[in-house]
Amino acid sequence: MTMDVNQLQAKLCEHQSAMFHQGFLDDQFSQLQKLQDESTPDFVLEVVTMFFDDSESILKNMARCLEQVPADFKQIDAYAHQYKGSSASVGAARVKNVCATFRPFCETKNLDGCMRCLQQLQQEYSLLKNGLQYLFRKDIKAGGGSFS
């Protein structure tokens with residue numbers, strides 16, 4: 001049995017509400033959604049896709065910096081700061097918050113602390129990405145539904 005578009009939209013709204021409630025998303029995500037209209041129906045999807053691409057690159061670069069001997073804490077801090085900004089711009093609250101925890105570890109050149117932060121960041125990013133991918137499933141869009 002397949003769900004109709006209304007059931008699907010209700011399920012999506014429920015899922016999105018849960019992502020806000022669990023702190024994955026904040027009001028900035030709602031602001032992005034308000035910028036989406038008939039002329040730019042895929043605006044949020046495009047912004048989120050760019051964020052995913054940036055995230056993959058930044059996370060790889062951070063890991064590379066941490067593997068160097070000695071670790072490049074200045075560069076890790078710069079990546080964390082950059083990632084904090086990009087996650088804030090899409091409303092990825094939990095990712096943004098983990099980015100903020102990097103600074104003290106970078107300042108004190110605490111490798112273990114940075115490694116733990118990176119693992120936590122990778123985990124939060126993975127959870128966020130899975131949640132947003134569910135939200136933007138192609139078959140739902142084909143049903144003519146909107147995400148606002």
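By convention here, the first residue in the shown sequence is residue 1. Just so we're clear, the structure is a prediction, and the values are computed from it rather than from any experiment.
Side chain of Ser17 to main chain of Cys13: a donor-acceptor pair is present (N/O by atom type, distance under 3.5 Å, no hydrogens or angles). No side-chain donor-acceptor contact under 3.5 Å links Ser126 to the backbone of Gln123.
The aromatic rings of Tyr125 and Phe52 sit perpendicular to each other, their planes meeting at more than 60°, with 30° as the lower class boundary.
Under the 4.5 Å side-chain heavy-atom criterion for Ile, Leu, Val, Met, Phe, Trp and Tyr, Met50 and Leu59 are members of distinct hydrophobic clusters. With hydrophobic clusters built from ILVMFWY side chains whose heavy atoms lie under 4.5 angstrom apart, Phe105 does not share a cluster with Met62.
Note that the CD atom of Gln16 and the CZ atom of Phe24 stand 14.0 Å from one another [nearest 0.5 Å]. Taking CD1 of Ile58 as the reference point, atom NZ of Lys60 lies at 11.5 Å (rounded to 0.5 Å). Here SG of Cys106 is found 7.5 Å from CG of Leu66. Values are rounded to the nearest 0.5 Å. A distance of 5.0 Å separates CG of Leu111 from CZ of Phe73, quoted to the nearest 0.5 Å. Atom-to-atom distance recorded for Ile76:CD1 and Tyr83:OH is 15.5 Å, nearest 0.5 angstrom. For the atom pair CG of Leu25 and CG of Leu32, the computed distance is 10.0 Å after rounding to the nearest 0.5 Å.
Nearest heavy-atom pair across Leu118 and Phe102 is N-CZ, 3.4 Å. In plain terms, the two heavy atoms of Phe20 and Asp26 that are nearest each other are CE2-O, 3.0 Å. For Gln36 against Leu45, the heavy-atom pair with the smallest separation is OE1-N, 4.4 Å. Shown here for Val90 and Phe29, the closest heavy-atom pair between the two residues is O-CD1, 3.4 Å. Heavy atoms only, all atoms of each residue included: His15 and Gly131 are closest at NE2-O, 2.9 Å. The two atoms that bring Ala88 and Lys96 nearest to each other are CB-CD, 3.6 Å, heavy atoms only.
Looking only at side-chain heavy atoms (C-beta outward), Leu128 and Met19 come within less than 4.5 Å of each other. Residues Glu56 and Lys129 meet the side-chain proximity criterion, which asks for heavy atoms closer than 4.5 Å. Contact of the Tyr134 side chain with the Leu12 side chain is registered, since non-hydrogen atoms from C-beta on lie closer than 4.5 Å. Two residues are said to be in side-chain contact when any heavy atoms from C-beta on lie closer than 4.5 Å; Asn61 and Arg64 meet this criterion. In this structure the side chain of Phe51 never reaches within 4.5 angstrom of the side chain of Leu132, judged on heavy atoms.
Annotation for His81: atom NE2 does not count as buried by contact number, only 12 or fewer foreign heavy atoms lying within 6.0 Å.
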Are Thr40 and Asp37 close enough, and set up right, to give a side-chain hydrogen bond (donor to acceptor under 3.5 Å, both in side chains), and what steps lead you there? CA-CA 5 Å; Thr40 56; Asp37 60 22; 3.2 Å; yes
Passes side-chain contact (heavy atoms from CB on, under 4.5 Å), Gln22 versus Leu127? Steps please. CA-CA 11 Å; Gln22 294 165 3; Leu127 292 169; over 6 Å; no
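If you check the side chains of Asn97 and Arg94, you find no donor sitting under 3.5 Å from an acceptor.
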